[in-house]
2 protein chains.
Amino acid sequence: MSVIRTEPRLDRRTAILDAAEEQFAKHGYDGVTLRAIAKHAGVDVALPNYYFGPKRDLFDAVLLRRAEILNQARLEQLDACLVESERSPTVEAIIRAYLRPMLTGDHVREEGWKNYYALIAYVNNSPEWGGKLMTQFFDPLIERFIDALRLALPGIEDRDLYWAYHCLSGALTLTFAQTGRIDSLSGGLCHSSDLEDAYEHMVRFTAAGFESFRAEASSKKKGRP
Amino acid sequence: MSVIRTEPRLDRRTAILDAAEEQFAKHGYDGVTLRAIAKHAGVDVALPNYYFGPKRDLFDAVLLRRAEILNQARLEQLDACLVESERSPTVEAIIRAYLRPMLTGDHVREEGWKNYYALIAYVNNSPEWGGKLMTQFFDPLIERFIDALRLALPGIEDRDLYWAYHCLSGALTLTFAQTGRIDSLSGGLCHSSDLEDAYEHMVRFTAAGFESFRAEASSKKKGRP
DNA sequence: GGCCAATTTCAACAATTGTTGAAAAAGAAG
DNA sequence: CTTCTTTTTCAACAATTGTTGAAATTGGCC
């Protein structure tokens with residue numbers, strides 16, 4: 001009987017990362033104590049420090065762990081989308097490439113990914129770290145998507161493009177925060193937890209939003225008719 | 001010489017609320033100490049507790065103070081929009097009624113309002129309080145806007161409508177978080193602090209998003225062509 | 001077994017947390 | 001002035017924070 005023996009070192013490490021991920025996502029950076037993390041991970045209080053150094057470094061480690069995986073998955077989707085369309089992708093296809101990795105495979109099944117996305121939502125909206133950390137971990141990839149969108153919307157002005165992405169990012173962020181607000185607002189008609197439903201609606205909504213900035217002769221100014 | 005003599009009691013109260021508003025907005029609930037608030041307000045550590053009770057009650061007091069003012073302003077805009085259009089408003093007009101109060105008058109000039117909106121952004125994306133607090137403070141008014149949007153988009157399905165509002169809320173939230181991320185992402189082309197610019201882009205983007213859910217014969221299902 | 005390094009535990013640290021009760025000061029009213 | 005209430009200060013509280021260094025344990029290798 002060949003028991004799979006994962007090294008205890010890695011077990012503890014990932015247990016700490018998992019616990020930290022969950023706690024940070026739920027209560028924010030300052031709302032979490034190392035003792036709470038240690039307790040959830042089933043380890044001693046001093047162990048997080050032994051592996052990751054000070055609290056802040058643990059936070060970064062949590063953020064970094066899945067960022068690379070997510071970026072990789074997104075990049076593959078984008079490349080596939082570009083190849084498939086012979087470099088003439090539709091806006092909708094690009095948005096789907098951007099969002100789909102978050103709703104397929106392990107990302108939907110594993111609790112860890114759910115926590116991670118909630119954490120990203122927290123970071124993205126944090127005035128303290130939003131600018132810095134999101135830029136650091138995700139913006140290089142975002143540039144690729146911006147380029148693709150520019151391809152799909154020839155003649156669009158860059159300022160419009162960036163603001164449109166900003167709107168997409170905001171909608172996505174709020175979705176993954178999973179606050180349950182839409183549940184009560186809609187009287188139980190919609191559910192924060194139904195990511196599939198959220199996905200389809202976000203795609204449609206934001207695709208139309210991007211399209212609205214297509215370069216056209218008129219309607220560039222803001223005045224109402 | 002008639003010096004305006006505001007009652008010191010109110011001065012201290014509002015000084016505490018202002019300081020708390022700023023600190024909570026910048027660092028979140030747990031990232032702020034009562035001592036930091038007291039110091040910024042220029043009062044003793046014990047005074048916040050004297051006026052507002054425990055820390056959590058102070059937080060609620062901060063949230064409540066401007067919520068009523070904002071809701072009132074939004075309601076006026078919505079009513080004016082409905083009257084002006086003889087109950088056939090456009091989607092864009094409704095969205096403008098929803099967003100405009102945040103960009104006119106004191107709301108743009110006063111630092112306090114800026115902090116308040118950043119705080120709302122924090123709350124709206126908080127898994128801990130997002131559902132509860134936003135519902136409590138804002139959802140009664142949101143229902144009015146939902147009704148107006150239903151009027152402007154006859155035949156739209158309610159589920160689509162709520163998800164569309166969700167997207168709008170997310171974009172708005174990220175805008176007011178003012179993280180500076182779009183500044184670096186766009187290479188200085190756009191600025192988080194340029195709320196006028198953000199406003200016009202959000203209106204256009206989200207109006208198109210809502211319109212995309214207009215009841216139509218086809219394209220109800222999600223499959224790609 | 002013994003040896004060495006990596007890992008884990010334990011206890012304690014200084015600093016900081018929210019909160020409180022009593023004392024002090026300020027204001028109002030007579 | 002005196003008297004009473006409201007407001008403000010002060011000092012202290014128990015609890016909790018992140019972090020650390022030394023001791024204890026474990027694991028691999030000879």
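Proteins get letters first, then strands, A, B, ... in listed order; numbering begins at 1 in each.
- For A/Tyr29 and D/dT17, the OH to C1' distance is 11 Å, given to the nearest whole Å.
- With D/dC10, D/dT19, C/dG18 as the choices, the nucleotide that has an atom nearest any side-chain atom of A/Pro54 turns out to be D/dT19.
- Rounded to an integer number of Å, the gap from B/Asp44 CG to D/dT7 C1' is 11 Å.
- Between the CG atom of A/Leu47 and the P atom of D/dA23 there is a distance of 19 Å, given to the nearest Å.
- Atom-to-atom distance recorded for A/Leu17:CG and A/Leu63:CG is 11.0 Å, nearest 0.5 angstrom.
- Rounded to whole angstrom, the span from the CG atom of B/Asn49 across to the P atom of C/dT20 amounts to 6 Å.
- For the pair A/Ala46 and A/Tyr50, both in contact range of DNA chain C, the more 5′-proximal nearest nucleotide belongs to A/Tyr50.
- Aromatic ring orientation, B/Phe59 versus B/Trp129: tilted (interplanar angle from 30° to 60°).
- Distance, B/Asp11 CG to D/dT7 P: 13 Å, rounded to whole Å.
- Considering only side-chain atoms of A/Tyr51, the nucleotide from C/dT8, D/dG18, D/dT8 that sits closest is C/dT8.
- With ring centers used as reference points, B/His201 lies under 6.0 Å from A/Phe213.
- Rounded to an integer number of Å, the gap from CD1 of B/Ile16 to C1' of D/dT7 is 11 Å.
- Nucleotide D/dT16 holds its P atom 17 Å from the CD1 atom of A/Ile37, rounded to whole Å.
- Across the protein-nucleic acid pair, B/Arg12 atom CZ and C/dA26 atom C1' stand 11 Å apart, rounded to whole Å.
- Position along DNA chain D of the nearest nucleotide to B/Val43 versus A/Arg35 favours B/Val43 as the more 5'-ward residue.
- Taking the six-membered ring wherever Trp is involved, the centroid distance between the rings of B/Tyr122 and B/Tyr29 does not fall below 6.0 Å.
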